[in-house]
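Treat the numbers as computed from the prediction; the structure is a model and nothing was measured. Note that these values count all heavy atoms, side chains included, but never hydrogens, waters or copies made by symmetry.
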Amino acid sequence: MYSTASTGTRPTAPIGVDGAVARPQRSGLRPPTAGAGRPAQRAVELRDPRGRTTLVTRPMPEQPGRFGRPAPGRGAEAFVDRVDPAALQTPAVRAVLANVARICPAFLPRQVLREGTRHVLVAGTIGRAPVVAKCLAPAALRGPQAAQLVDRFHHEVAVYRAFVRHRPPVRMPRLVAADHDRCVLVLERVPGRPAARERHPANAPTPGEVRAVLGAVRTLNLWRPPTDVFDQPLDYQTEIARFHSLGLLTDRDAGDLRALLHGLAAVPRQLCHGDALLGNMLLAPSGPVLLDWEQAGWYLPGYDLAVLWSVLSGDTAARRQISQLAQSGGTLARDAFLVNLTLVLMRELRIHDLPGAGEEQRIMIRRLYDDASLARRAVRAAVGTR
């Protein structure tokens, strides 16, 4: 939510369906107070080769947390946002702030995190608590997809309210306030950094970060909240027919997917985030934080894993680990993962395979087609074993 996530690297493995100077020392002097806009400093003594001692100041280092970020419990001072009056005065942002003020009069805007065609994100504070206001952009409400965007935003508001009553087993921003009619969400601002800033990152997260992300996703998938809280956002038969009509699936592809779906009719659905991109996850000191719950609901098992597999094209080890997790539930879980993966890859091709793409995007499109070929072969092999 705090960043947008659009390139990748070539996969090198199949799906795996079986698949210098002296060390500074603290002086006895008290560190000087940081000036405005500068980091706090500490005084240190450095001894040169001639034995002379020089007193210098250096920035105070951050105390790392689990993922090398500031330690938890620092409160509002963990976010040092520079107020940009010009960004806060654009018509779209001013309209958003007026709607936020209706439900949070004490909201003090500090920084525009995103002013996109669909959403506007503004960081600020309520008292000493750092928060983020997420709103639909005024232009989006006048666009051709307005009804769909409003429905998704209403669903996200409902999800956050449901999580107040039924606390999930994963970390997520706490709901502060919401306005269903004006499409406004005010959420806790969690310290951390996005697991990736691109939809298809060129540089994959570290192995430890990937394990933490997969652990959080699997914990969510195994959670069983009351069934009336969430619906089923994805109609699998409709998606197969749509991609078939667009020419992304052949007649045989569509037939194979329908054959697998027929065998999965009695498989219980699994609670999934629905958009488990790395850009929708913060690596916070306390662990991964899941953002953007617009598409959360009941899916065939392995949907979130399929999304992560599709964007981690440069990390062979992570893909192997995801494949092993998907198959750990048996043959039906494997088949469900393959159906999800094929549809996710078709969606990525539909999004990115557009006229006028640059060289970098064309390379990514070729990788997606390679991944889609792997998925097709795995689906055919799975159908052949029935």
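Between Leu277 and Asp292, every side-chain heavy-atom pair lies at or beyond the 4.5 Å cut-off. Put simply, the side chain of Val289 does not reach to within 4.5 Å of the side chain of Met281, judged on heavy atoms. At least one side-chain heavy atom of Pro225 sits less than 4.5 Å from a side-chain heavy atom of Leu271. Put simply, the side chain of Tyr303 does not reach to within 4.5 Å of the side chain of Leu343, judged on heavy atoms. Contact check for Val100 versus Val122: no side-chain heavy atoms found under the 4.5 Å cut-off. Side-chain contact between Leu175 and Leu187 is present, with at least one heavy-atom pair separated by less than 4.5 Å. Contact of the Cys183 side chain with the Val150 side chain is registered, since non-hydrogen atoms from C-beta on lie closer than 4.5 Å. The closest side-chain heavy-atom distance from Ile126 to Cys104 is below 4.5 Å.
Both Val157 and Val164 sit in one connected hydrophobic cluster of ILVMFWY residues. Membership requires side-chain heavy atoms under 4.5 Å apart, directly or through other members. In the hydrophobic clustering of ILVMFWY residues, with side-chain heavy atoms under 4.5 Å counting as a link, Leu308 and Ile351 come out apart. Note: the hydrophobic cluster containing Trp223 also contains Leu290 (ILVMFWY, side chain heavy atoms under 4.5 Å, direct or indirect links). The hydrophobic cluster containing Leu108 does not contain Val96, counting ILVMFWY residues as joined when their side-chain heavy atoms lie under 4.5 angstrom apart, directly or transitively.
Counting all heavy atoms, side chain and backbone alike, Leu325 lies closest to Ser328 at O-OG, 2.6 Å. In terms of heavy-atom proximity, Gly124 sits nearest to Phe107 at CA-CE1, 3.8 Å. In this structure, Ala284 and Val190 approach most closely via the heavy-atom pair CB-CG1, 4.0 Å. Minimum heavy-atom separation, Ala336 to Leu300: CB-CB, 4.1 Å. Heavy-atom minimum distance, Ala296 versus Pro233: O-CG, 3.8 Å. Heavy atoms only, all atoms of each residue included: Thr125 and Pro130 are closest at CG2-CA, 4.2 Å.
Within the structure, ring-ring contact (aromatic ring centres under 6.0 Å, His included) pairs that include any residue of residues 244-282 comprise His273-Trp293 (at least two apart or interchain). Under the ring-ring contact (aromatic ring centres under 6.0 Å, His included) criterion, the residue pairs touching residues 169-193 are His154-His180, with sequence neighbours excluded. Within the structure, salt bridge (charged side-chain N to carboxylate O under 4.0 Å, His left out) contacts touching residues 158-175 (residues at least two apart or in different chains) are Arg171-Glu188. The list of salt bridge (charged side-chain N to carboxylate O under 4.0 Å, His left out) pairs with a residue in residues 244-263, not counting sequence neighbours, reads Arg252-Asp256, Asp253-Arg376, Asp253-Arg380, Asp256-Arg380. Residue pairs meeting the ring-ring contact (aromatic ring centres under 6.0 Å, His included) criterion with at least one partner in residues 361-386, sequence neighbours excluded, are absent. Counting only residues at least two apart or in different chains, salt bridge (charged side-chain N to carboxylate O under 4.0 Å, His left out) contacts with residues 337-355 comprise Arg199-Glu348.
Scored by the ring pair (Phe, Tyr, Trp, His ring centres under 6.0 Å) test, Phe153 finds no partners at all (sequence neighbours excluded). Residues passing the salt bridge (charged side-chain N to carboxylate O under 4.0 Å, His left out) test with Arg218, sequence neighbours excluded: none. For Arg269, there are no salt bridge (charged side-chain N to carboxylate O under 4.0 Å, His left out) partners two or more places apart in sequence or in a different chain. In this view, Asp335 and Arg386 satisfy the salt bridge (charged side-chain N to carboxylate O under 4.0 Å, His left out) rule, not counting sequence neighbours. Residues meeting the salt bridge (charged side-chain N to carboxylate O under 4.0 Å, His left out) test with Arg182, sequence neighbours left out: Asp179. The ring pair (Phe, Tyr, Trp, His ring centres under 6.0 Å) search around Tyr236 returns none, not counting sequence neighbours.
One distance of note links CG of Leu185 with NE2 of His119; it measures 9.0 Å at 0.5 Å rounding. Residue Thr316 holds its OG1 atom at 6.5 Å from CZ of Arg320, rounded to the nearest 0.5 Å. Distance check: Ile322 CD1 to Arg319 CZ gives 8.0 Å after rounding to the nearest 0.5 Å. Residue Leu282 holds its CG atom at 4.5 Å from CG of Leu291, rounded to the nearest 0.5 Å. Rounding to the nearest 0.5 Å gives a distance of 4.5 Å between CZ of Arg114 and CG of Leu121. Here the CD1 atom belonging to Ile365 is positioned 12.0 Å from the CG atom belonging to Asp370, to the nearest 0.5 angstrom.
Side-chain atoms of Thr206 come within 3.5 Å of backbone atoms of Glu209 as a donor-acceptor pair (strictly under, hydrogens ignored). Of the possible donor and acceptor atoms, one in the side chain of Glu198 sits under 3.5 Å from a partner among the backbone N and O of Ala202. Checking side-chain atoms of Asp304 against main-chain N and O of Gly274 turns up a donor-acceptor pair under 3.5 Å. Not a single donor-acceptor pair under 3.5 Å links the side chain of Asp371 to the backbone N or O of Ser310. At distances below 3.5 Å, at least one donor-acceptor pair connects side-chain atoms of Gln270 with backbone N or O atoms of Gly302.
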* To do: Check step by step if side-chain contact (heavy atoms from CB on, under 4.5 Å) holds for Val307 and Leu341.
  => CA-CA 7 Å; Val307 173; Leu341 180 60; over 6 Å; no
* Start with the C-alpha gap between Leu283 and Val213, add the side-chain angles, then the distance that decides, and say whether side-chain contact (heavy atoms from CB on, under 4.5 Å) holds. => CA-CA 8 Å; Leu283 299 179; Val213 166; 4.2 Å; yes
* **Audit row: Arg189, Leu113, side-chain contact (heavy atoms from CB on, under 4.5 Å) steps and yes/no** => CA-CA 12 Å; Arg189 188 178 183 190; Leu113 299 178; 3.9 Å; yes
* **side-chain contact (heavy atoms from CB on, under 4.5 Å) evaluation trace for Leu249 with Thr342** => CA-CA 9 Å; Leu249 292 174; Thr342 304; 4.2 Å; yes
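Looking at Glu294 and Arg118, no side-chain N of the basic residue comes within less than 4.0 Å of a carboxylate O on the acidic one, giving no salt bridge.
Below 30°, between 30° and 60°, or above 60°: for Phe163 and Phe230 the angle between ring planes is between 30° and 60°, a tilted geometry.
No more than 12 heavy atoms of other residues, nucleotides or ligands sit less than 6.0 Å from atom CZ of Arg211.
The residue from Leu220, Asn221, Leu214 that alone fulfils the side chain to side chain contact (heavy atoms under 4.5 Å, CB included) condition with Val217 is Asn221.
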